[in-house]
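Below: one structure, written as structure tokens.
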Amino acid sequence: MEYIGTGLMLMGVGMLTVFCILLIVIYGSRLLIVLVNKIAPEAAAVEAAPAFNPAPVLEEAVKQLTGGKGRIVKISEL
Amino acid sequence: MQGFSDIMQRLYEMTAISSIGETPAFLLMYLIAFVLLYLGIVKKYEPLLLVPIAFGVLIANFPGGGMGVVQADPSGLVTLPDGSKEVIWDMPLHKIAHELGIMNYIYYALIKTGLLPPIIFMGVGALTDFGPMLRNLKLAIFGAAAQFGIFAVLIASLMLGFTPQEAGSLGIIGGADGPTAIFTTIKLAPHLLGPIAIAAYSYMALVPVIIPLVVKLLCTRKELCINMKEQDKLYPEKMEIKNMRAVKIIFPIAVTTIVAIFVPTAVPLIGMLMFGNLVKEIGSDTSRLFQVASNGLMNTATIFLGLSVGATMTAEAFLNLQTLGIVVGGFLAFALSIASGILMVKVWNLFAKKKINPLVGATGLSAVPMASRVCNGISTKYDPKNHVLNYCMASNISGVIGSAVAAGVLISFLG
């Protein structure tokens, strides 16, 4: 029981330090994002990749897994 | 006939059977090893760690095998096989290998020096993507709340009669981070390394059981159905990241600098974590370093760490009331960390317009990415369209930083 004071002090110091460090990380990261957005926003935009159509890949996968018996009825985004 | 019985007697003494018969505690250790092997191999609970640890337990408990780790007393004295005593720190490594066997060589060269946990942290960093955290920076604060379990169990352990150093090592199990728990225990209470490592990794393996249990006790269905994507649409983030690659490269350098200034004792962990992440984010220029950090080096370190940590669990070191306290205390630390993360989200939701799913708080403890996957499973059980994985990863990753900082504080004050 003689160490309870030490334990409470450690809890106070420990939790405060963890919160402070993470707050610094959070606000430091916000500052970093603002600076990067200002100084080095993405250079030349990369040519847009052609839209990916997953249907043929999914159909082929279902075909292979079900031995040609299964078919896809609907594909929807979650 | 006399000669024949002498030979049989000597043969009997040569085997481990006679010693096992004299000390049945070995049988209990084999049982523990088999249960851990079963959990790792059949149940697939963290097999990469549980299998080496369990096998280490098994081989350490065969009398005469010389594979059990011999713990030095507080003054550094170890008992050699001939009964003489010597200060371990004065023994050259080749003498340790010769007198005490190769497992002690591995333990004192790689574990006791604190080398392997930071190397594993480097691998963890190389496998971690800080993107979800950078996209949801606000959620990172819940990684701090979830460290409460560490300190609550520290106080409980002190009340139960553990020394402050032992209590700190026990509490750090609540950080749900194996390398951090091992690193802290090596510094504070090395004699408890075996049971603490086993408790830490076992509870990490049991995350799919413990998180749903705590969530069920503390959260309502309505809270678990909070859809974070809908909330994002209602209250969109004002800040857009235009150059994620640059931010991801600067982030590990900045975090290391901040932590090094405020909590230098956490640098071996955070520094290596961020170095691993940096070589990943730089890309092709450092891809060879990334490959080594995330594959070869990490796997090698895991094998040595697992086997030698398991080998610290010899019958005489493990079978005592203190171990029982560690197993119970470790579970409490884990559950309290999850609960405090959830409770902080609940308090946040009382005041904020943009509501947060309490599962984001539950993942504030480390155990990346399993905790996030488990919470995503819980949310989709209530609403199949409610995917919280990316949001949980934000607090989950900040939990790794939080637990390393908490470890740094404990080492600073108690080391």
Side-chain angles (χ1 to χ4, degrees), chain A residues 1-55 57-58 61-62 65-66 70-78, chain B residues 130 133-134 137-148 150-152 154-159 161-164 167-168 171 229 239-247 250-251 254-255 257-259 262-263 266 270 380 384-387 398-399 401-403 405-406 408-410 412-414:
Chain A
M1 295 297 276
E2 57 179 299
Y3 294 118
I4 300 303
T6 312
L8 287 170
M9 181 271 290
L10 272 174
M11 180 184 257
V13 172
M15 287 305 288
L16 198 68
T17 309
V18 174
F19 267 104
C20 286
I21 295 283
L22 281 180
L23 280 174
I24 294 170
V25 168
I26 291 168
Y27 286 101
S29 302
R30 279 180 177 272
L31 181 68
L32 173 67
I33 292 166
V34 170
L35 288 175
V36 169
N37 282 352
K38 211 171 227 181
I39 298 164
E42 199 83 69
V46 183
E47 200 177 311
F52 173 64
N53 178 14
V57 180
L58 293 173
V62 170
L65 286 169
T66 61
R71 68 190 180 90
I72 292 174
V73 179
K74 188 185 166 194
I75 301 171
S76 64
E77 204 175 314
L78 281 172
Chain B
F130 283 101
M133 185 181 139
L134 290 165
L137 275 169
K138 259 186 209 164
L139 304 181
I141 198 63
F142 299 113
Q147 309 310 320
F148 177 77
I150 295 175
F151 299 102
L154 181 144
I155 292 175
S157 312
L158 288 171
M159 288 167 121
F162 284 90
T163 67
K229 276 186 188 164
M239 200 156 48
E240 178 200 5
I241 305 175
K242 290 180 183 165
N243 188 348
M244 183 56 109
R245 183 166 182 266
V247 173
I250 301 170
F251 180 77
V255 171
T257 310
I258 291 167
V259 175
F262 290 100
V263 196
I270 293 286
T380 50
K385 286 190 173 175
N386 189 11
H387 289 270
S398 74
I401 301 173
S403 60
V405 171
V409 171
L410 291 176
S412 295
F413 279 82
L414 302 172

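Every chain is numbered from 1 and lettered A, B, ... according to where its sequence line falls, protein lines coming before strand lines. Model, not experiment: these values are computed from the prediction. Hydrogens, waters and symmetry mates are skipped; everything else that's a heavy atom, side chains included, is used.
Ranked by heavy-atom pairs under 4.5 Å with chain B, the list A:Leu35, A:Thr17, A:Val34, A:Thr6 is led by A:Thr17. The residue among B:Gly402, B:Gly143, B:Pro164, B:Gly168 with the most heavy atom pairs within less than 4.5 Å of chain A is B:Pro164. Looking only at heavy-atom pairs under 4.5 Å with chain A, the residue among B:Ile141, B:Val255, B:Leu154 that has the most is B:Ile141.
B:Leu414 touches chain A through its side chain: at least one heavy atom from C-beta onward sits under 4.5 Å away, while N, CA, C and O do not. The parts of A:Leu8 that come within reach of chain B are both its backbone and its side chain, each placing non-hydrogen atoms under 4.5 angstrom from that chain. If you measure heavy-atom distances from B:Ala156 to chain A, you find no contacts under 4.5 Å at all. Contacts between B:Ala266 and chain A at a heavy-atom distance below 4.5 Å are absent for every atom of the residue. Of the two parts of B:Ala406, the backbone and the side chain both hold a non-hydrogen atom closer than 4.5 Å to a non-hydrogen atom of chain A. For B:Leu134, the parts sitting under 4.5 Å from any heavy atom of chain A are the backbone and the side chain alike.
Not counting sequence neighbours, B:Ser398 has no partner by the side chain to side chain donor-acceptor pair (under 3.5 Å) test. With sequence neighbours excluded, no residue forms a side chain to side chain donor-acceptor pair (under 3.5 Å) with B:Thr380.
Residues A:Phe19 and B:Gln147 fail the side-chain proximity criterion, which asks for heavy atoms closer than 4.5 Å. B:Phe251 places a side-chain heavy atom less than 4.5 Å from the side chain of A:Ser29. Side-chain contact between A:Val25 and B:Met133 is present, with at least one heavy-atom pair separated by less than 4.5 Å. A:Pro41 places none of its side-chain heavy atoms less than 4.5 Å from the side chain of B:Asn243.
Annotation: B:Phe148, atom CZ; neighbour count of heavy atoms from other residues, nucleotides and ligands within 6.0 Å does not exceed 12.
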